[in-house]
Every structure is written in structure tokens, then in C-alpha cells.
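Down below is the structure, laid out as C-alpha cells.
Heavy-atom basis, side chains included; hydrogens, waters and symmetry copies ignored. When a ligand or atom number is given, it counts from 1 through the structure's own listing order.
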Amino acid sequence: MASLRNRSLLFRILQQARPCWLRLTGIAVLGLLSIPLALLFPLPLKIAVDSVLGHQPLPAFMSMSWMPPSSAGALVLAVGLLLAIGLLTSLQNLASWWLQTYTGEKLVWDFRAQLLEHTQHLSLSFHDDRGATDPAYRIQHDAPSIQYIVIQGILPAFVSFCTLVGMLAVCATIDLRLALIALVITPVLFLLTRACSRLVRERSIKVKEIDSSAMSIIQEVLGSIRVIKAFGQEKREYERFVRRSNQRVDGQVRLARLQAVFNVLIALTISAGTATTLYLGVQRVRAGAISVGELLVVMAYVGQMYEPLRLIASKATELQTWFTSIERAFALLDEKVDLHEAPNACELLRARGEVEFRNVTFYYGSKCGLRNVSFRLPPGARVGIVGDSGAGKTTILNLLMRFYDPSSGQVLLDGRDIREYRIADLRRQFSVVLQDPLLFAASIAENIAYGEPNASNAQIMAAAQAANSHKFIAGLPEGYESKVGERGAQLSGGERQRISLARAFLRDSPILILDEPTSSVDVKTEAAIMEATDALMRGRLTIMVAHRLSTLKNCDMILALDHGELVDQQASVQPASFFGWSNSHGYAAQEATEKLNL
Ligand SMILES: Nc1ncnc2c1ncn2[C@@H]1O[C@H](COP(=O)(O)OP(=O)(O)OP(=O)(O)O)[C@@H](O)[C@H]1O
Ligand SMILES: [Mg+2]
């Protein structure tokens, strides 16, 4: 069962490595070139013993007509041969090393790129569920196993096998009986390898899981360092990490112990094989069946022949840990993309901006996000979405941008189900300011131009001015070239929000989505932003989620949500009815009056 699994895995790995087949063939050929060199290696010793020190003639294929049949000539030949073999072996090693490194790195980067590309296309449900660390671990730490398996596993095992066959063949021409005796240990090694591989595989799966979860602790700690410091929980986090690390150390030590025991067993088996061959070889020399030089050659071959056997056996156990890793990487690649683009999805250049939700129900797993919601938004409308925290406001926006597909019902854009459009075309229709403005570790200008990489400096500046952020950016020492730090950590919440507003302003899309765009700015900045947004809203459908009533005063339509249900829909903000709604939802009438300036 396990070997069947290994075989299909091996097939998949070879398929994955197929684009590099030419270089891989080069590595195999260079590896095979080492066989004649290895076979020639004991020959100078044989010549020295038999033809220089002894009185036997040189092997027939080595006697040259021009060379005097003296022992001095044989010695020159032996020494020259040794040097030539040394030089060629070094050259072969150098070329192999270069090609192996280059091909290995290429295999890993191609595999990593493919994994990242696939992971980016997985739905948000996948990302919500799995978080960032586990996929990151698979991409960064599990993907390199392809290099180890192919370059340090399969190819050397193949070359070792060929070397073994070659040496056996030469041994057999010298003395068949000795060759067969030397071979006797092979089945023992095979059985040992099989037993050990299974154990290594089981343990390495556990170690990998612990490793991945230890990494998620590190990431969580570093990503939430402010909260940890604020609540003084450094010691607790440290202890959590140490506990997990100790488990990993235990697992890793047990794995290493298993491998060490296995290596000892292999070494003992090999020693037994060598000793038996030596014992019987001496008997054969005494009986006059072979010369001393030939015994030396056989013994040198046995030493070298066991090397490939040892390599094949030890690689087999190492392969198990690498197989575990590559299986995890393949599992990520096998995650189904559940947001499918229709095979004949239609193109959408620029939507008019008419949105309709028809009986939309949506579940995040088993948790209800929206329940049977229906509404229609005409093009160019300014729509406010209100409701308590967790009422489903962001969910509406998520479904509209097709981050998720509804569990039932339909979302329509310009009268067509959004699932009929090409996903990239659909997403281009939206400029978004998310609830939690996220910036990249780049300059402010690059962040503003994130959706429009070709925007000119003048356009970037105009967008910043519209978002009322030009002044604070210009006041920074490096202006628009200032770096904002990872996730924008070097800016205040309000500054981050204004940059993300500028980013949305720069992208001239027919639908503008603002998920609480002014939640972390002061009242003065909010008023300035709303004024700028007012100009931007013209001619496009704007959907704005807001908790503050003041933000909603420019809206000409309000959707009120409660526990995932649409409880109120007003064509415009009518003071009387709006107060009714706002009172029943906890907004004080006084605040409403104040904010709405009525
Ligand atoms: N990724 C998710 N996985 C599971 N449940 C979720 C997820 N996102 C939201 N929910 C749940 O769905 C419901 C609606 O969430 P939503 O984010 O739409 O609320 P909201 O109205 O935007 O709230 P807020 O004003 O706090 O932003 C909530 O009960 C929330 O717990
Ligand atoms: Mg929200």
C-alpha cells in the first residue's frame, strides 16, 4: 500500500520536474560517467602489485606496443593512470556540482512560484480557515523537498544502482563466486530499508506538523507584538513557543535515533559482507584461483560497491521525510479553487453600475452571514449600509466583489449574474477602501498606485489631494517616497486610511466601495474626506458602510441590516423615518441631529 503510494508520488514528482528534464538528463549522464572512473580506480593498485612488484604481465588491454615490458614502465603507467583518474573525477564532480545546484534551485523556485500562484487563487474561505502560516510553511519549507528528492535522491540512487551493476559485472569476470558472496547482503539491506522507511515516514509526518504550528506561534507573536506588550503576555507566549519547540525537539531526536540505529545496522551488515569476501578471497588466492592484485581489485570494488548500496539504503529513509514534505506541498496544490470562472465567461469592460441582490443567503461554513437579502441599486446611486457590528455589512461587499459565492440566490451586475463575468474583469469594476486598510512595505507613492501601476506622479498627487492626504505626505522627510513599513506600521491608523482612500480614488472604477472609510480619522478630517469623496461619487455607484450617521448624510439610499437580514430599505434619508430607525438601533436622536446637521 505504502509502496504504491510512493510509486504514484514518485510519478507525480517526475512530472513536476519535467520542464527541467534536459538538465536532469545532463546530471544523470555526468553521474554515469563516474562509473568507468570508479571502475578504473583500483586498477593502478593492481598494476603496482601484480606487474611492478610482482612479475605478471600488464592486462592485455593496457599493453602498448611502444612501451617496454619493464616494471619501470608499468609503474609510470600506474602513477599516470592514478593522476588521470583523479583529474577526470574532479572535473566530473565540478560539472555535476554546478549543474545540480542550478537545476535544484530552478526546480524549487518553479515549484514555489506555482504554489504561491495557486494559493493566491484559492477562495477567501480557504484563507479564513487555514490562516497564513500553514500555506507559507508549505511553500517555503516543504517545497524544497522536490530538489532533495530529484537531485539528491532519485538521480544518485539511479547512478548508484548502475555503478553497483557495473562493479558486480567486473567482479564476476574476475571471480564469479566472490561476486555472488559480495552480493548476498543486498536482500538484508533491502528488508532493513523497508522496515525503517515506514517508521521514519510516520514520525516525520508528526514532526512536520509540530514544526508548522511552532512557526505559526512565531508569526502570531511577531504580528501581534503590540497587543502582547500591551497586555504583558510575553512570558506566556514564550512558554507556549517553548512547549511546542520541546515537542519538536523530542520528535526530531526520536527520528534521528531511528536513523542512527538504521545506519549502524547497515554498517554492520556491510562489514559482515566485506569480512566474508576477504576471508573467502584469501582462500581463493591460496588455491591459486586469483592473483593478489585481483583480490585487491575485488576488495576495492566490494568497498566501493557497498557505498552505492549504503547510499541507496540511507537515501530510502531520508526520502521518506522528503516525501512527507512534498506530499504536504502537493496537498496545497490540490486544494480546489472553489470560485470558478465560467468556461465562456463574458468580458466586462466598464459596467454601468446597476447592482441587484436576489434572495441572497450566505453561510461562512455553518455560520449565517446573510439571510434572504434582496435589493436593487440603480447606477450612480449613493448607498449607505448601516447595522450593528456583525450584522452582515462587510459580507454584502464581499459577495458583490465575488470574494465568496452566495450559498443561494444571485448577485447581479448590470442585469447579469456576476458568476457569468470573468473574475478579473469583475474585480476591475471596483475601487475599494477596506475596513482594515492594509498597506504594503513600499513607498507611499507605490501604495497609492497599487491598483494602477502606470499612474503618473501628477495623478498620484491628485488622488492624494482628493483624499485629503497630500499635506501630511508632503510634510514627511521623504514625501511620496517615504516607506510605510510592513503592513503600513510606520503610519497612524488615520494616515493609513487616507492613503488607502487615495489608492481607491486613483483607480477610476464605476463602483466605489467604502467600508467605514472614516472610522479612524478625526471629525475635521472626516468632513474634508467626505467633501472630497462627494466629488468622486459623482457618476458612479457608491456603496458606503458607516457606523457614523454624519457619514451617511450624502447618501440617497440606505440599507439597514440586522443579524444578516435586510430590515429596512429607504429610498433616501428621510429625517423622520431615519430617526425612527436610528433610535431603534441605538443611535441617539441627539447624535443624529448633530451629525446630520438638521
Ligand atoms: N471569515 C468569516 N468566517 C466566519 N464567519 C464570519 C467571517 N466573516 C464574518 N463572519 C461572521 O458573519 C457575520 C457578519 O459579518 P460581517 O463582517 O459582514 O459584519 P459587519 O456588519 O461588517 O460588522 P462590523 O460592523 O463589525 O464590521 C458576523 O456574525 C461574523 O462573525
Ligand atoms: Mg464590517
Task: Non-neighbouring partners of Asp110 that pass side-chain hydrogen bond (donor to acceptor under 3.5 Å, both in side chains), sequence neighbours left out - done: Lys106

Task: Near-ring test Phe357/Phe362, centroid separation under 6.0 angstrom - done: no

Task: Polar protein atoms (N, O or S) that approach the Mg ion (ligand 2) to under 2.8 Å - done: Thr394 OG1, Gln435 OE1

Open item on the list: I need the minimum non-hydrogen distance between Leu122 and Glu335, along with the two atoms involved.
Closed with: CD2-O, 3.5 Å

Open item on the list: Could you tell me if the side chain of Arg130 sits less than 4.5 Å from the side chain of Arg138, heavy atoms only?
Closed with: yes

TODO: Would you mind listing every ring-ring contact (aromatic ring centres under 6.0 Å, His included) that reaches into residues 435-454, with sequence neighbours excluded?
DONE: Phe440-Tyr450

Task: Under 3.5 Å donor-acceptor, His121 side chain and Leu116 backbone - done: no

Task: Side-chain donor-acceptor contact under 3.5 Å, Tyr148 with Thr321 - done: no

Atom pairs and distances, ligand 1 N/O vs protein N/O under 3.5 Å:
from     : atom 1 : to     : atom 2 : distance (Å)
ligand 1 : 1 (N)  : Asp128 : OD2    : 2.9
ligand 1 : 18 (O) : Thr394 : N      : 3.4
ligand 1 : 18 (O) : Thr395 : N      : 2.9
ligand 1 : 18 (O) : Thr395 : OG1    : 2.4
ligand 1 : 21 (O) : Ala391 : N      : 3.2
ligand 1 : 21 (O) : Gly392 : N      : 2.9
ligand 1 : 21 (O) : Lys393 : N      : 2.8
ligand 1 : 21 (O) : Lys393 : NZ     : 2.9
ligand 1 : 22 (O) : Thr394 : N      : 2.9
ligand 1 : 22 (O) : Thr394 : OG1    : 2.7
ligand 1 : 23 (O) : Gly390 : N      : 2.7
ligand 1 : 25 (O) : Lys393 : NZ     : 2.7
ligand 1 : 25 (O) : His547 : NE2    : 3.1
ligand 1 : 26 (O) : Ser389 : OG     : 2.6
ligand 1 : 27 (O) : Gln435 : OE1    : 3.2
ligand 1 : 27 (O) : Gln435 : NE2    : 2.6
ligand 1 : 31 (O) : Lys367 : NZ     : 2.8

Open item on the list: Check whether Phe323 forms a cation-pi arrangement with Arg201 (NZ or CZ under 6.0 Å from the six-membered ring centre, at most 45° off the ring normal).
Closed with: no

Task: Test side-chain hydrogen bond (donor to acceptor under 3.5 Å, both in side chains) applied to Arg244 and Ser213, step by step - done: CA-CA 8 Å; Arg244 201 59 58 86; Ser213 68; 2.8 Å; yes

